[in-house]
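In what follows, a structure is listed as structure tokens, so that the remarks can point back to it.
Bear in mind that the values here come from a model prediction, so they are computed numbers and not experimental data. The chain is numbered in sequence order, starting from 1.
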Amino acid sequence: MFSTASQVTKFCDASSHDRYAPTKQNALCGRRSIMEVINTHPDFTKGVNLSGNQNLTPTFIFKKEMLTRYVVVIEDTKDMMERESWSFLRLAIRKWAVHDLPANTEVGLVSANDSSANRLHGLSRLQTPEARDQVASNIPYSTGDSRQPACLACALKEAIQMLETRASNSGPASSVIVVIAPGTLASYTPDLAKQVSEAKDKNIRLATVTYPMLNRLKSLDWMADKTGGVSFTVTENRYNMATSYLSTYFKLTNVMRNIMETYYQGNKGDLPVEIHRRELTDDGRTVVTGSFVLEDHMGEPAKFTVYTHNTENPLIRAITLTSPSQRVYSTRSDSLLSLKMLSVPAAINETGTWTYHIERFQGSPQPHYVQVMAKPLSKNSPVVRARAWTSGTTNPLKIYAEVKRGDYPVLGAKVEVSVIRPGLNGSNAHREKFDLLDTGNGDPDLMKGDGIYSRYFNPMIGGLGVYTFEITVSDSSSNAYTWQHSSHRNIERNPVNSESNCCGSFMTSPSVEQLNPFQRIITPLSVTYTAEDLSSSLVNVGRVGDLKAEIVKSELKARLTWTSPDMGGNSVARYEIRYSQSLRSLLNEFDSAPVWIHGTPLPLAPGSETTFSMDMNKMPELLDQTLFVAIKAYSRVESDSIPGPVSNWVRVSVPSPPPPPSLITTHSSVSSADPSWTSANQNVIPGIAGDFEMHYDVLVPAAGGLMLLALLLLMYCVFCAVKRNRKPEKQSPKPEKSLNVSVIPNGNGGALNISSPINAIKTELESHFEPCLIDTGDAKKRYSVAQYGTATTNEHHYNLQQQQQQQQHQQPHQQPHQQPHPYHHQSNGHLSVIGGATLTRAPKPLSPYQSWTASQLLHEHERRTSPYGQIGDFENQYPPPVPPLPAYQQQQLQQQQQQQQANAENIYGTAPGHFQQQQNGLPPPGQYNNYHRNNMILFNQSLQGSLSSVSSGDKKKRNITMV
């Protein structure tokens, strides 16, 4: 519309406008062209043609008015007397004229009874305290006696005449007539309508206050709306039959101050700003603590006041005010007590958090109100200000609020609306609260980030009556922020752009800064709903204006996102998603388009971001198809509920997943000139390359991970190499040779020849040293050569050996065969007798260390290394059974003779200084199992073989591992 292109010279009309383009114009204006919208305005309804060569250059006329004239019209009837309502009105006008109005103001008073109007006070300038006091002093102390409606037309005629006369004598000024009455008749009154039209023609605005309640069928709002003024409603709230609540007076004083702020002629920086308000009720606490923040660029004159109902006994024990620097103010002032106000004379000029403590008497029937006013330090100080207004329609009603700090919007603020509809006798029949939103979805908020918050209001819940909207703006727990004040130069160089994602709009923000905690109370708004308003058809609202689509190829889904709409003051109940391959069919015949039946979006509160995914896996026939998608929102779940308008459309096209690459097989019979092979070879690789997508967000982390892994491996290799070079080389142990022990009878008295490959030692054992099984109950126990039996037993052994030798002489050339030992009761797979007398271990030969049991090793070690020496009586002490020592079997005669001589000796020999072991004292078989560890045995070094190094004569202590 505001294009800067040189070829754009006029607006689009019905013939040149594209009704299906995704533009803001189509979204907000129902797909109408710009000229169609302009021609609907009352200025052009008579068919003004703008296509001719007319001079359309706008002309602006600025007129600066330095003075405001008020004429207050008050109805003087019994309807104005509701308990304390009349006295509250007199005090409110006194406060307004004496303390609130600036010096460049003129005020006059007119009262209206049932038949005429009476001029109470002529227009006079409020330059002296006496002039201000005269305004409030001329109001009657009580109302008239008539119950008939007052002649407001007469009062308006008198007020208009006063303003005209003053303007002709003292010059022009901003003229305002303030009408305070309980309403007007429902029937049309020509005189009143004539005076309202005359006021409009003479540029006189009417500000109306419906007070103390709506006693007539129609409020005064229509008078203000027709002249472009403001309208308020203050309802008297009854405490008992004779007393009204203090809230009536507090609201009335704020309304009068808001009228002054609205029509003030001058810089708004000259007026004080309300920075804190709080209502104190009886909740059981005697001490109430609160705080407020004096913002930057704010200071004196500032006032801390407490409103009280009882001027004689305010029911307040003490008030303490503490500054941010911990300076305490506890002195009260009663100078404004006649206006029901207590104040604290404190220098409120220190920015930061101020704290107050108020001690109230428990059981107070009336509330107290705390109000803090502060003034900007200069006229151009950037302070937070807020204002509110409503739309012209009432069903539904649009409420707007603008929050700015200086000239920049305030974002992230909490704008809370409290709705009050009083019932009969001043009781509050309906109350509700909701927040205004800055979403930019187009219905009703047009742009996000511009500092304008909006929302719909639905009166169907509360019913007919007068609704008052009290709006409070706060920092939302320090979440509010605004543009930096130092960024105005950058804004002038680079204007702020508004990004339009059809069909929601978003204003990009430059550098921002967080705001300090603040509170602002906006001038209350009043709207009257009649039975005719409620019976009118509800406008179709709740349009989704910021629908967006995102294609998720990996999941074959289309993700839709939008902002949950405001369904005319209600939350959305359900959605309906439709799609079509034709855009015209979707927009023109939305109800005939196919419905997406695979899931429905979750309805959320207005202003919430909603997400829904259209899963094409459930409808694969829609893959690779161009679809146009739009949605509708419903305020009720029922099928007959009225839907909202069709949303903006989005284009959705989900591609099919790429087919897997075909496998190329090579065969010797396939020629390179085969066209089919050539085609496959040329098409597969480009196809794979085309499907492969380089995603740097995945490739860069993967490359970094590989480099890190390679670095770690390199460090590990270097560490291992360094450690190996520093580690001393160890000699590899020599492999242990297998040991075969053979016990062979030598034929001389049954002696046995023990041979071993380790050394060439030959030894002859006596006949009572025979191989035997240690434990006859377990076949897995090892064998040993031990000394058994008495002399009779030895003779038996000797006889058996002699028989074996005779058999060997008789059969010298026969093959030797195995003979069982007389003591072997069980066969053992590990021991065999070869050649009739040779004992070998079949799988693996055992060394002497492997043949001994643990107890034998331990005993032998203690015997040889005992620090007590060979002490005690050695009678009846016998050595434990010892396995044979290995020795090579040699056939030399000299060695056999040495073995025969050794047969007569004990296998342990005779230790030096000890007696010879007697053969008739040999232990019985099995004695080795319970041999006592303290028995000292004899030692023969010649029979110990390799153990001689262990049993050296140095008597050193050795552990079991050295044995």
Side-chain angles (χ1 to χ4, degrees), residues 72-100 109 111-113 120 135-147 150 178-183 209-216 220 232-257 259 277 279-282 305-316 334 336-342 360-361 363-371 420 422-429 466 468 470 524 526:
V72 182
V73 176
I74 303 174
E75 179 175 336
D76 189 11
T77 62
K78 281 292 185 181
D79 291 338
M80 295 292 293
M81 180 68 75
E82 292 290 341
R83 286 165 287 275
E84 297 180 280
S85 61
W86 185 259
S87 62
F88 286 167
L89 178 60
R90 293 185 73 254
L91 292 176
I93 293 178
R94 172 173 288 277
K95 177 182 179 297
W96 180 65
V98 175
H99 298 280
D100 295 339
L109 294 176
S111 65
N113 51 32
L120 300 178
V135 173
S137 300
N138 285 284
I139 300 176
Y141 292 105
S142 62
T143 62
D145 297 333
S146 176
R147 289 283 183 180
V178 181
V179 182
I180 303 175
V209 180
T210 303
Y211 179 82
M213 63 179 58
L214 184 61
N215 289 337
R216 316 285 162 72
L220 305 178
F232 303 93
T233 299
V234 178
T235 303
E236 185 266 344
N237 194 4
R238 184 186 68 174
Y239 171 66
N240 53 31
M241 295 298 295
T243 308
S244 300
Y245 273 111
L246 180 64
S247 59
T248 305
Y249 172 72
F250 183 72
K251 293 179 181 179
L252 187 59
T253 57
N254 290 316
V255 163
M256 299 302 296
R257 180 177 55 83
I259 293 175
R277 179 190 295 185
E279 181 182 6
L280 307 180
T281 57
D282 186 17
T305 57
V306 179
Y307 286 77
T308 179
H309 182 270
N310 193 339
T311 57
E312 296 181 358
N313 186 9
L315 299 179
I316 292 179
D334 296 342
L336 300 177
L337 190 57
S338 60
L339 300 176
K340 298 183 179 298
M341 298 168 61
L342 292 173
R360 304 174 68 239
F361 285 96
S364 175
Q366 291 280 355
H368 293 89
Y369 289 91
V370 178
Q371 188 177 51
I420 303 174
L424 298 176
N425 298 324
S427 60
N428 294 327
V466 180
T468 301
E470 298 178 354
S526 298

Under-4.0 Å salt bridge between R277 and E470: no
Sidechain-backbone polar pair: R90 side chain, P140 backbone, donor-acceptor under 3.5 Å: yes
Main-chain N/O of G144 paired with D76 side-chain donor or acceptor, under 3.5 Å: yes
T243 and Q366, any side-chain heavy atoms less than 4.5 Å apart: yes
Pairwise side-chain contact, P422 with L214, heavy-atom cut-off 4.5 Å (strictly under): no
Intermediate values then yes/no, side chain to side chain contact (heavy atoms under 4.5 Å, CB included), I139 and R94: CA-CA 9 Å; I139 300 176; R94 172 173 288 277; over 6 Å; no
Taking every non-hydrogen atom, the tightest pair across P367 and Y245: CD-CD2, 3.9 Å
Given V255, I74, T248, the one that forms side chain to side chain contact (heavy atoms under 4.5 Å, CB included) with Y211: T248
Closest non-hydrogen atom pair between S247 and Y369, with its separation: CB-OH, 3.0 Å
Under 3.5 Å donor-acceptor, R83 side chain and N237 backbone: no
Gap separating the CG atom of D79 from the OG atom of S146, nearest 0.5 angstrom: 8.5 Å
S85 side-chain N/O to M80 backbone N/O, donor-acceptor pair under 3.5 Å: yes
Passing candidate, side-chain hydrogen bond (donor to acceptor under 3.5 Å, both in side chains) with Y307, options K340, Q371, H368: Q371
Validation row: T235, V466 side chains within 4.5 angstrom (heavy atoms): no
Check: L339 main-chain N/O paired with Y249 side-chain donor or acceptor under 3.5 Å: yes
Heavy-atom closest contact (E312 atom, N310 atom, distance): N-OD1, 3.0 Å
From L246 atom CG to Y239 atom OH, the distance as rounded to the nearest 0.5 Å: 12.5 Å
Criterion side chain to side chain contact (heavy atoms under 4.5 Å, CB included) on T308 and L337, from CA distance to verdict: CA-CA 8 Å; T308 179; L337 190 57; 4.2 Å; yes
Residue pair D100 / R257: nearest heavy atoms and the distance that separates them: OD2-CB, 4.1 Å
Pairwise distance NE2(H309) to CZ(F88) - rounded to 0.5 angstrom: 4.5 Å
Heavy-atom closest pair, residues L342 and D334: CD2-OD1, 3.3 Å
Distance in Å, S526 OG paired with I420 CD1, rounded so as to fall on 0.5 Å steps: 10.0 Å
Check: I180 and V72 side chains under 4.5 Å, non-hydrogen atoms: yes
Inter-residue atom distance R147.CZ - N215.CG, 0.5 Å rounding: 8.5 Å
Short side-chain to backbone donor-acceptor contact, E84 and R238, under 3.5 Å: no
Smallest separation among heavy atoms of E82 and P212, with atom names: CG-CG, 3.8 Å
Expected output: side-chain T210 to main-chain G183 donor-acceptor under 3.5 Å: no
Distance (rounded to the nearest 0.5 Å) between N254 CG and K95 NZ: 7.0 Å
